[in-house]
Novice: 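Handing you this structure, nothing more for now.
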Protein chains: 2
Amino acid sequence: MDVKTLCLGVLTLGDASGYEIRKQFEEGPFAHFFQASYGSIYPSLGRLLDEGLVSVTEHAQDGKPDKKVYNLTPAGRARFTEALGDLPAPDSFRSEFLVYLFFAELMPEGQLETVFDAYHKHFQDMADVIEGLSFDRVPPGRMFVRRMGHTFYKTMADYMEQHREEFIAESEPAKRVPKAAE
Amino acid sequence: MDVKTLCLGVLTLGDASGYEIRKQFEEGPFAHFFQASYGSIYPSLGRLLDEGLVSVTEHAQDGKPDKKVYNLTPAGRARFTEALGDLPAPDSFRSEFLVYLFFAELMPEGQLETVFDAYHKHFQDMADVIEGLSFDRVPPGRMFVRRMGHTFYKTMADYMEQHREEFIAESEPAKRVPKAAE
DNA sequence: GGGGCCATGTAACCCGTTACATGATTGA
DNA sequence: TCAATCATGTAACGGGTTACATGGCCCC
């Protein structure tokens, strides 16, 4: 599933401009599990228009460029549900934070605490963001994913909190297994 | 942190060939939070060699190409610990599975169950894999990350199990909010 | 006989990000 | 006055994956 197809999905939630779609990927629900920037969204919308999967209405504005609001055509909606018939690709996850924590014993003085606390704060912040969302008329799919996300963030934050002191104590350079003949 | 730097990290765990490093990324502990394939590992090792950050010993083998075992030089080790002094980049996570579940109500008949169960199985399998690992002489960093990973997989699997029936029932096409004038 | 593992390496490709280009409005 | 927000779009770049190239051994 590429950005082009996902744009169709975002448009099933309502008409939107390229700018607004990007916001969905940056601040909206998708931000947590899919990212896309201008450089991929605008060209995608152009191609979707060529293929007749979306239509566009230009709203003149003063000062700003015309706002181009995209709307899903029936063909576009069909294309998206078709895409949902394929099997999803495996998740991809890359975490430099976990790489750092993995190598805790090799980190310079004080860096473990810094990295650890930043990572913990990230999870806690994300959990808080989700707790602040409204429960108003949220369809089941969105709700399920939201709750699952909240469970994830909260569990990770709690896990880190519970193991912080022990982990940091164990990782002290002084406790490292000395090299042979040293 | 690019693949080149990570290769240095892998080599802090012991000498290895390009082939063996790739296995670390595919089956070893890194598989869960960092991926790299031949096309990035071999060129990385070449450049590390040019920069004097690793040395290499060729072991002749019959039938197979010579096995080139790479070894971290003191400069290489220093470079890696230096790299750990920078701040890690934010995690990147992309999940088509969550996109699909988000749009549960739009999925074709039966697809929700298929996708849901595949995702659940993935989490359960990963949790089982980690449970099967040995506890023998695992340094604190590795252990912390491993336990955190297990907590993650197990929590996600449990969450999905507990909400499966309710979620699938709610997402039935029959329960969708009808469009205006239908 | 065939598939999978060992083992190295290259080249083409792809998808996406980053930075650039442009510029008015609004609020601190 | 400076930063942020609105708003669209392009071009260069980049880091990685995929597929290709090569080939013997071992087990079923």
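The sequence lines fix the lettering, A, B, ..., with proteins before strands; numbering per chain opens at 1.
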Novice: Starting from C1' on dG16(D), measure out to NZ on Lys4(B) and report it in whole angstrom.
Specialist: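 Rounding to the nearest Å, NZ of Lys4(B) and C1' of dG16(D) are 15 Å apart.
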Novice: Is a side-chain donor or acceptor of Thr5(A) paired with a backbone partner of Met1(A) at a separation under 3.5 angstrom?
Specialist: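 Judged by distance alone, no pair lies under 3.5 Å.
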Novice: Which nucleotide, dT8(C), dA7(D), dT10(C), lies nearest any side-chain atom of Ser17(B)?
Specialist: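 Shortest atom-to-atom distance from the side chain points to dT8(C).
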Novice: Rounded off to whole Å, could you give me the NZ-to-C1' distance for the Lys68(B) and dA7(C) pair?
Specialist: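 In whole Å, dA7(C) C1' lies 11 Å from Lys68(B) NZ.
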Novice: Considering only side-chain heavy atoms of Lys23(A), which listed nucleotide, dA7(D), dC6(C), dC6(D), is closest?
Specialist: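 The answer is dC6(D).
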Novice: Check step by step if side chain to side chain contact (heavy atoms under 4.5 Å, CB included) holds for Met148(A) and Met160(B).
Specialist: CA-CA 8 Å; Met148(A) 188 158 161; Met160(B) 291 189 80; 3.9 Å; yes
Novice: Rounded to whole Å, please give me the gap between CD in Glu26(B) and P in dA7(C).
Specialist: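 Taking atom P of dA7(C) as the reference, CD of Glu26(B) is at 15 Å.
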Novice: Can you measure Arg22(B) atom CZ to dC6(C) atom C1' for me and round it to whole angstrom units?
Specialist: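 Rounded to the whole Å, the gap is 10 Å.
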Novice: Could you tell me how the ring of Phe123(B) sits relative to the ring of Phe152(B): parallel (under 30°), tilted (30 to 60°) or perpendicular (over 60°)?
Specialist: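 Ring orientation of Phe123(B) relative to Phe152(B): perpendicular.
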Novice: Heavy atoms from C-beta onward define the side chain here; which of dC6(D), dC6(C), dG16(D) lies closest to that of Asp2(B)?
Specialist: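 It is dG16(D).
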Novice: Does Glu51(A) reach the main-chain N or O of Leu48(A) with its side chain, forming a donor-acceptor pair under 3.5 Å?
Specialist: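 No: the side chain of Glu51(A) does not pair with the backbone of Leu48(A).
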Novice: Starting at CG of Leu45(B) and ending at P of dT8(C), how long is that distance when rounded to a whole Å?
Specialist: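 Going from Leu45(B) (CG) to dT8(C) (P), I get 9 Å.
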Novice: Just the atom pairs and distances: protein N or O near nucleotides 17-21 of chain D's N or O, under 3.5 Å.
Specialist:
{"residue": "dT17(D)", "atom": "OP2", "partner": "Ser37(B)", "partner atom": "N", "Å": "3.1"}
{"residue": "dT17(D)", "atom": "OP2", "partner": "Ser37(B)", "partner atom": "OG", "Å": "2.8"}
{"residue": "dT17(D)", "atom": "OP2", "partner": "Ser40(B)", "partner atom": "OG", "Å": "3.2"}

Novice: Would you say Leu87(A) ends up clustered with Leu98(B) if hydrophobic residues are merged whenever their side chains have heavy atoms under 4.5 Å apart, either directly or through other cluster members?
Specialist: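 No, no single cluster joins them.
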Novice: Out of dG9(D), dT10(C), dC6(C), which has the shortest distance to the side chain of Tyr19(B)?
Specialist: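 Nucleotide nearest to Tyr19(B)'s side chain: dC6(C).
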Novice: Could you state the atom-to-atom distance from CD1 of Ile41(B) to P of dG15(D) in whole Å?
Specialist: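 Going from Ile41(B) (CD1) to dG15(D) (P), I get 16 Å.
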Novice: When the ring centroid of Phe103(B) is compared with that of Phe80(A), is the distance short of 6.0 Å?
Specialist: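 When the ring centroids of Phe103(B) and Phe80(A) are compared, they turn out to be within the sub-6.0 Å range.
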Novice: Measure OH/Tyr42(A) against P/dA21(C) and give the value in whole Å, please.
Specialist: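 Atom-to-atom, Tyr42(A) to dA21(C), this comes out as 18 Å.
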Novice: Is Asp117(A) salt-bridged to Lys121(A), cutoff N-O under 4.0 Å?
Specialist: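 Salt bridge between Asp117(A) and Lys121(A), a charged N being under 4.0 Å from a carboxylate O: no.
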Novice: Once you round it to whole Å, what is the distance between P of dG4(C) and CD of Glu27(B)?
Specialist: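 So the two atoms are 14 Å apart, to the nearest Å.
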